[in-house]
*Asks:* 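Dumping the structure here so I can ask a few things about it.
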Amino acid sequence: MKTIELNHPLIEHKLAILRDKKTGTKEFRELVNEIGMFLCYEAMKDAKLVKTEIETPICKMKTAKLDEDKYAFVPILRAGMGMLDGVISVIPNAKVGHIGMYRNEETFEPVNYFFKVPKDIQKREVIILDPMLATGGSGLDAIDLLKSKGVKKIKFLCIIAAPEGIKLIEKKHPDVQIYCAHIDDHLNENKYIVPGLGDAGDRIFGTK
Ligand code: PRP
Ligand code: URA
């Protein structure tokens with residue numbers, strides 16, 4: 001599946017503030033959540049609705065609702081947590097799992113340190129959250145872990161994606177749809193996205 005990039009003036013505006021090194025923790029956090037919400041909105045375009053009947057103050061009507069029990073958000077710790085409030089505001093009854101992953105600073109390989117997901121995860125559509133898709137190593141491991149637990153349908157929401165990461169995920173997991181706010185240019189020698197926004201986790205949590 002070809003990666004879907006949000007293409008909208010409002011997103012470009014928000015990304016410009018997010019990327020700016022002068023933007024402080026509070027505003028950075030707010031923007032990560034907001035962009036997460038827009039990504040979730042886009043990712044739900046193919047959602048199947050369940051027919052239902054309601055009564056407005058005027059009359060009865062046939063309509064349709066989302067089956068919120070079909071979804072689980074899985075943020076990749078730490079930075080993915082920054083998107084959680086935003087996506088939960090769109091699908092408040094979705095369950096949440098967590099995958100702990102950090103990149104070894106020398107090898108750039110992901111290290112998995114935590115995995116806890118809802119018991120019925122294999123019955124749910126899983127929406128992975130991580131603001132940065134760089135080499136794609138962390139995303140790839142997260143998808144492998146979820147598939148090994150029987151998950152059939154996975155979407156991957158990220159704010160900035162590098163062509164290298166997209167290529168890897170599209171090759172290894174062509175069934176996983178990636179949604180991103182922007183596809184950037186390349187990775188530098190430290191495997192940071194260029195122009196990117198720096199270290200997403202550090203900027204969200206103010207750790208540097
Ligand atoms: C960042 C980011 C991704 C990963 C992307 O996490 O949030 O998980 O790097 O890089 P990759 O595509 O090359 O694997 P980091 O390892 O900095 O951990 P953190 O979220 O705890 O800061
Ligand atoms: N992780 C980040 O937080 N930023 C990058 O540019 C690459 C990996």
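All ligand and atom numbering here is 1-based and tracks the order in the structure.
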*Asks:* Does Pro131 reach ligand 1 with a nitrogen or oxygen that is under 3.5 Å from one of the ligand's nitrogen or oxygen atoms?
*Replies:*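 No, since none of the N or O atoms of Pro131 sits under 3.5 Å from an N or O of ligand 1.
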*Asks:* Nearest 0.5 angstrom please: Lys191 NZ to Glu105 CD, how far?
*Replies:* 15.0 Å
*Asks:* Which atoms of ligand 1 are found less than 4.0 Å from any heavy atom of Gly136?
*Replies:*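 It comes down to these atoms of ligand 1: 11 (P), 12 (O), 13 (O).
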*Asks:* For ligand 1 and Ala79, I'd like to know whether there is a polar contact (N/O to N/O, distance under 3.5 Å).
*Replies:*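 Yes, Ala79 has an N/O under 3.5 Å of an N/O on ligand 1.
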*Asks:* Using a plain distance cutoff, I'd like to know if Gly201 has any nitrogen or oxygen under 3.5 Å from a nitrogen or oxygen of ligand 2.
*Replies:* no
*Asks:* Which is closest to atom 1 (N) of ligand 2 in terms of heavy atoms, Met132, Arg78, Arg203?
*Replies:* Met132
*Asks:* Can you give me every donor-acceptor pair (side chain of residues 76-95, partner residue at least two apart or in another chain, under 3.5 Å) with its distance?
*Replies:*
unit_1: Arg78; atom_1: NH1; unit_2: Thr207; atom_2: OG1; d: 3.2
unit_1: Arg78; atom_1: NH2; unit_2: Asp202; atom_2: OD1; d: 3.2
unit_1: Ser89; atom_1: OG; unit_2: Gly86; atom_2: O; d: 2.6
unit_1: Asn93; atom_1: ND2; unit_2: Glu68; atom_2: OE1; d: 3.4

*Asks:* Using distance alone, determine whether Tyr113 and ligand 1 share an N or O pair under 3.5 Å.
*Replies:* no
*Asks:* Think Arg103 forms a cation-pi with Tyr192, using NZ or CZ under 6.0 Å from the six-ring centre and within 45 degrees of its axis?
*Replies:*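 Yes; both conditions hold, so Arg103 lies above the ring face of Tyr192.
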*Asks:* Is there a nitrogen or oxygen of Gly139 sitting under 3.5 Å from a nitrogen or oxygen of ligand 1?
*Replies:*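 N/O-N/O distance under 3.5 Å: no.
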*Asks:* If we count only non-hydrogen protein atoms and require a distance under 4.0 Å, does atom 1 (C) of ligand 1 qualify as touching the protein?
*Replies:* no
*Asks:* Show me which atoms of ligand 1 lie under 4.0 Å from any heavy atom of Tyr102.
*Replies:*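 This gives 16 (O) as the contact atoms.
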*Asks:* Would you mind telling me if ligand 2 is within reach of the side chain of Arg103, the backbone, both or neither, using heavy atoms under 4.0 Å?
*Replies:*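 It is the side chain that gets close, since no backbone atom is under 4.0 Å.
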*Asks:* Judged on heavy-atom distance to atom 4 (N) of ligand 2, which of Ala200, Gly196, Gly198 sits nearest?
*Replies:* Gly198
*Asks:* Does any N/O atom on Ala134 come nearer than 3.5 Å to any N/O atom on ligand 2?
*Replies:* no
